[in-house]
Amino acid sequence: MTVSPAAVVQAQLDAYNAKDLDALMATYAPDARQFALHGALLAEGHDQIRPRYETRFAEPDLRAQLLTRSVAGNFVTDLELVYRNFPEGRGTVEMLCVYEVVDGRIARASFATGATSMLACA
């Protein structure tokens with residue numbers, strides 16, 4: 001059974017929000033590449049991608065809220081609001097994520113960071 005590109009990306013988002021590193025890595029091809037959108041290579045392969053998420057998953061308030069998703073063939077574009085723990089405190093950052101899914105796994109991902117906002121302390 002073929003899994004749709006949108007389902008692969010949703011599984012990646014669900015694993016991210018659950019901080020389930022193994023499930024998240026299962027959505028990426030072993031030779032997947034991550035980029036800054038229109039820019040530099042950030043990580044290549046599981047050996048470089050895994051530590052990026054290990055560090056991020058240490059943040060207690062980490063979660064991503066999907067705002068919109070578009071699908072064009074095997075490309076999936078998500079606009080997310082990511083809740084993070086910054087050195088200055090809790091906040092959010094807008095993320096534009098473009099995924100290319102090949103053979104049921106993310107082969108390439110590109111990320112653009114938007115506006116960052118700090119949350120009021122409760």
Side-chain angles (χ1 to χ4, degrees):
M1 179 166 88
T2 303
V3 179
S4 74
V8 172
V9 172
Q10 184 61 49
Q12 182 269 158
L13 180 62
D14 292 343
Y16 183 91
N17 282 333
K19 297 183 182 180
D20 184 337
L21 187 56
D22 291 332
L24 185 135
M25 293 308 301
T27 67
Y28 277 89
D31 59 348
R33 297 167 68 184
Q34 294 181 330
F35 297 89
L37 190 63
H38 302 305
L41 178 67
L42 301 172
E44 184 170 5
H46 282 196
D47 289 345
Q48 292 180 10
I49 294 171
R50 179 179 281 274
R52 291 174 50 81
Y53 287 109
E54 283 176 331
T55 300
R56 189 65 43 85
F57 286 177
E59 295 180 25
D61 296 307
L62 181 72
R63 69 182 167 87
Q65 177 185 352
L66 180 63
L67 301 176
T68 62
R69 174 172 288 154
S70 298
V71 180
N74 65 319
F75 290 90
V76 180
T77 302
D78 282 359
L79 177 61
E80 301 173 358
L81 186 63
V82 180
Y83 292 80
R84 300 268 325 264
N85 297 97
F86 298 106
E88 309 86 347
R90 292 176 48 225
T92 61
V93 61
E94 296 172 333
M95 291 295 299
L96 179 65
C97 311
V98 181
Y99 301 98
E100 182 179 3
V101 178
V102 177
D103 296 329
R105 289 190 165 181
I106 299 167
R108 277 169 288 291
S110 296
F111 306 102
T113 304
T116 298
S117 300
M118 301 311 294
L119 298 173
C121 295

- List, by chain and then residue number, the residues other than Leu13 in its hydrophobic cluster (Ile/Leu/Val/Met/Phe/Trp/Tyr, side-chain heavy atoms under 4.5 Å); write none if there are no others. Leu66

- Query: What distance separates Leu81 CG from Leu67 CG, expressed to the nearest 0.5 Å?
  - Reply: 5.5 Å

- Ala43 meets the side-chain contact (heavy atoms from CB on, under 4.5 Å) criterion, sequence neighbours left out, with Gln34, Gln48, Ile49, Arg52

- Query: Excluding sequence neighbours, so at least two apart, what forms side-chain contact (heavy atoms from CB on, under 4.5 Å) with Ala26?
  - Reply: none

- Between Gly104 and Val8, what is the shortest heavy-atom contact and its length? O-CG2, 3.4 Å

- Task: Identify, with sequence neighbours excluded, every residue that meets side chain to side chain donor-acceptor pair (under 3.5 Å) alongside Asn85.
- Result: Asp61

- Of all heavy-atom pairs between Gly73 and Pro5, which one has the smallest distance, and what is that distance? O-CG, 3.7 Å

Side-chain donor-acceptor pairs under 3.5 Å in residues 112-119, sequence neighbours left out?
none

- Contacts of Gln65 that satisfy side chain to side chain donor-acceptor pair (under 3.5 Å) - sequence neighbours left out: Tyr83

- Quick note, side chain to side chain donor-acceptor pair (under 3.5 Å) partners involving residues 91-103, not counting sequence neighbours, are Gln12-Tyr99, Glu100-Arg108

- Message: If hydrophobic clusters are built by linking Ile, Leu, Val, Met, Phe, Trp and Tyr wherever their side-chain heavy atoms come under 4.5 Å apart, do Val82 and Leu79 end up in the same one?
- Response: no

- If you measure from CD1 on Ile106 to SG on Cys97, what distance do you get to the nearest 0.5 Å? 9.5 Å

- Message: Tell me whether Val76 shares a hydrophobic cluster with Val98, the cluster being built from Ile, Leu, Val, Met, Phe, Trp, Tyr side chains joined at under 4.5 Å.
- Response: no

- To the nearest 0.5 angstrom, please state how far the CD atom of Glu44 sits from the CZ atom of Phe35. 7.5 Å

- Item | Partner set under side chain to side chain donor-acceptor pair (under 3.5 Å) for Arg84, not counting sequence neighbours | Glu59

- Query: Of all residues at least two apart in sequence or in a different chain, which pass the ring pair (Phe, Tyr, Trp, His ring centres under 6.0 Å) check with Tyr16?
  - Reply: Phe57

- Under 3.5 Å, is there a donor-acceptor pair between the side chain of His38 and the main chain of Ser110? no

- Message: Are Met25 and Val3 linked, directly or through intermediate hydrophobic residues, by side-chain heavy-atom contacts shorter than 4.5 Å (ILVMFWY only)?
- Response: yes

- Item | Shortest non-hydrogen contact between Ala15 and Leu24, atoms and distance | CB-N, 3.4 Å

- Cluster link Tyr53 to Val93, ILVMFWY, side chain under 4.5 Å: yes

- All pairs passing salt bridge (Lys or Arg N to Asp or Glu O under 4.0 Å) where residues 8-27 contributes a residue, at least two apart: Asp22-Arg50

- Task: Go through the structure and list residues passing side-chain contact (heavy atoms from CB on, under 4.5 Å) with Arg105, not counting sequence neighbours.
- Result: Ala29, Pro30

- Query: Of the non-hydrogen atoms in Val102 and Ala107, which two are nearest, and what is the gap between them?
  - Reply: CG2-CB, 3.9 Å

- Query: Quick one: salt bridge (Lys or Arg N to Asp or Glu O under 4.0 Å) pairs with a partner in residues 66-79, sequence neighbours left out?
  - Reply: Arg69-Asp78

- Linking I/L/V/M/F/W/Y whenever their side-chain heavy atoms sit closer than 4.5 Å, directly or via other members, would Val101 and Leu96 fall into one cluster? no

